[in-house]
2 protein chains.
Amino acid sequence: MTSNESGRRHTRDDVARTALRILDDDGLPDLTMRRLAAALDVQPSALYHHFPNKQTLLAELADRIVARAAQPASGLDWSDTVRAEAAALRDALLAYRDGAEVVSSTFALGLGAGAPLDRFTDAVTAGGFDDETARRAATALLHFVLGHVSHEQQRLQYDSLGVLADSASAEAGTDSAEAFAFGIDLLVGGLERVSRSRT
Amino acid sequence: MTSNESGRRHTRDDVARTALRILDDDGLPDLTMRRLAAALDVQPSALYHHFPNKQTLLAELADRIVARAAQPASGLDWSDTVRAEAAALRDALLAYRDGAEVVSSTFALGLGAGAPLDRFTDAVTAGGFDDETARRAATALLHFVLGHVSHEQQRLQYDSLGVLADSASAEAGTDSAEAFAFGIDLLVGGLERVSRSRT
DNA sequence: ACCTGAACACCGTTCAAGT
DNA sequence: ACCTGAACACCGTTCAAGT
């Protein structure tokens, strides 16, 4: 359906694109190899010609999701660059249903989410911090972003199903973007108190 | 096996305890309803007398895991209380294989992880911050802790299987406890720069 | 290179029926 | 109250074979 209307033969890119469409339309739980195969009008086993397993497919989707994060304007203060990177990453994750979950699940293996980590690391390094500090700050930033947006997206999902517990439902009412910015500000603020190797 | 050696009839507590044992011995992917039933020497359908579904069972496990977090010493500075709560929660999550993943997956629904959130909130509130600030800081702290420890535990798992990508493997070498404390310090440090409603 | 057909070894959940 | 037996509607992955 992606590029071949009725004829067989798909490329790896077709498979990834169709998978992203299923993800966005129906969510991660419905993104099964069998459903993906059906959408491509192909047997499930055919998918294993393009990806060795589902995990590798999800890593590819994670890469594509984070690749759409906007580049911060140049000439910004290092701390504003960090804030801009965080906001851009959040927007990219929110652009696909369950986007944060996909990136999160893939991040642990060092397969996906390498790009966001590098971008945070570079932004912090520009503040004059040593490599170890920059890397640790970057993983803290990334953990917060993935956790926050995962939470945000799962609330959207459960809220639309009306299965949400009271406490979570109340929290969903407050502005997510503001709470997100606050968390990033805490990390950036904490970083500003850390001694720099060079200023 | 938990309380009945050969006779039938189990309690909800038996089921939860056996589930925790499977979790710790074999990990979350192996904790299936069918495997749990087999360990209890019972048909899978029998489990649904004790828990309405798997999600509810996991929420119960999450509650039990975080309940084992140690109480910080009293008389500490608010910021040291936050640090102590974070360390105690990390220890509790590390005490069970895939503990962070279980708590994390259950946190989004407001089913589990209510206790850790309240404890962080109380610790921050003791610093004289308003409720909104305390709640947001608490969720930021919780997101960092769950993300960090999930990551940590998945590295342990994949490392033992030798399936780890280079970058993640290198990162696994550095001291996790130190990196964890650094992340918490950033959040606490950021909080110390926020204006208080009362001091 | 890309795919089919068929199978293997599983899942969570429901439901009538038993004690 | 707690459980059995049987079924329903699925999973991811492998592998010989086809073009």
Side-chain angles (χ1 to χ4, degrees), chain A residues 1-19 22-23 25-62 98 101-102 105-106 109 111 157-158 161 163, chain B residues 1-19 22-23 25-62 98 101-102 105-106 109 111 157-158 161 163:
Chain A
M1 292 209 170
T2 308
S3 70
N4 295 348
E5 211 51 55
S6 60
R8 294 291 116 64
R9 243 108 256 217
H10 298 95
T11 67
R12 184 183 158 100
D13 184 63
D14 291 331
V15 176
R17 288 163 60 122
T18 304
I22 294 174
L23 177 71
D25 290 347
D26 307 298
L28 187 55
D30 280 3
L31 177 53
T32 68
M33 296 302 265
R34 301 179 102 101
R35 210 180 166 306
L36 175 56
L40 288 162
D41 208 17
V42 120
Q43 294 293 318
S45 51
L47 300 175
Y48 293 84
H49 180 79
H50 303 285
F51 294 93
N53 50 50
K54 189 178 182 180
Q55 191 145 228
T56 307
L57 169 65
L58 290 176
E60 172 68 27
L61 302 189
D98 293 334
E101 186 74 22
V102 171
S105 74
T106 228
L109 300 96
L111 289 180
Q157 214 164 318
Y158 288 115
L161 291 166
V163 217
Chain B
M1 291 203 173
T2 308
S3 69
N4 294 348
E5 211 50 54
S6 59
R8 293 290 117 64
R9 241 109 258 212
H10 298 95
T11 68
R12 185 183 158 96
D13 185 64
D14 290 331
V15 176
R17 288 164 59 124
T18 305
I22 294 173
L23 178 71
D25 289 348
D26 307 299
L28 186 56
D30 280 2
L31 177 53
T32 68
M33 296 301 266
R34 301 180 101 102
R35 209 177 167 307
L36 175 55
L40 288 162
D41 208 18
V42 117
Q43 294 293 316
S45 51
L47 300 177
Y48 293 84
H49 180 79
H50 303 286
F51 294 93
N53 49 52
K54 189 178 182 178
Q55 191 145 226
T56 307
L57 168 65
L58 290 176
E60 172 68 27
L61 301 190
D98 293 335
E101 186 73 23
V102 171
S105 75
T106 227
L109 300 97
L111 290 180
Q157 213 164 318
Y158 288 113
L161 290 167
V163 217

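Numbered from 1 within each chain, the chains take letters A, B, ... in sequence-line order.
- Spacing between atom CG of B/D30 and atom P of D/dG12 amounts to 17 Å, rounded to whole angstrom units.
- Nucleotide D/dC10 holds its P atom 14 Å from the CG atom of A/D26, rounded to whole Å.
- Residue A/A46 places its side chain closer to C/dC3 than to any other of D/dT13, C/dG12, C/dC3.
- Comparing C/dC3, D/dT13, C/dG12 by their closest approach to the side chain of A/P44 singles out D/dT13.
- Between A/L40 atom CG and C/dT4 atom C1' the separation is 15 Å, expressed in whole Å.
- Between B/Q43 and D/dG5 there is a side-chain polar atom (N or O) within less than 4.0 angstrom of OP1 or OP2.
- Summarising the geometry, the separation between CZ on B/R34 and P on C/dC10 is reported as 10 Å, rounded to the nearest angstrom.
- Here C/dC11 presents its C1' atom at 14 Å from CG of B/L36, a figure rounded to the nearest Å.
- Nearest to the side-chain atoms of B/K54 among the listed nucleotides C/dT4, C/dG12, D/dC3 stands C/dG12.
- Distance check, rounded to the nearest 0.5 Å: CG of B/L40 to CZ of B/R17 gives 11.5 Å.
- Atoms CZ (B/R35) and P (C/dA9) sit 17 Å apart, rounded to a whole Å.
- To the nearest 0.5 angstrom, A/Q55 atom CD is 14.0 Å from A/E60 atom CD.
- In this structure, B/D25 and B/D30 have side chains that are not in contact, with every pair of non-hydrogen atoms separated by 4.5 Å or more.
- Here C/dT14 sits opposite D/dA6 as a Watson-Crick or G-U wobble pair (both hydrogen-bonding atom distances under 3.5 Å).
- One can place CG of B/D41 at 12 Å from C1' of D/dC3, the figure rounded to the nearest angstrom.
- Rounded to the nearest Å, the gap between the C1' atom of C/dC2 and that of D/dA17 is 13 Å.
- Comparing the same atom, C1', in C/dC8 and in D/dC11 gives a spacing of 12 Å after rounding to whole Å.
- Put simply, NE2 on A/H50 is 6 Å from P on C/dC2, counting in whole angstrom units.
- Across all strands shown, D/dA1 forms a Watson-Crick or G-U wobble pair with C/dT19, both key distances being under 3.5 Å.
- For the pair A/L57 and A/L36, the minimum side-chain heavy-atom distance is below 4.5 Å.
- The distance from the CG atom of A/D14 to the OG1 atom of A/T11 is 3.5 Å, given to the nearest 0.5 Å.
- Applying the 4.0 Å criterion to OP1 and OP2 of D/dT4, one finds that B/S45 has every side-chain N and O outside that range.
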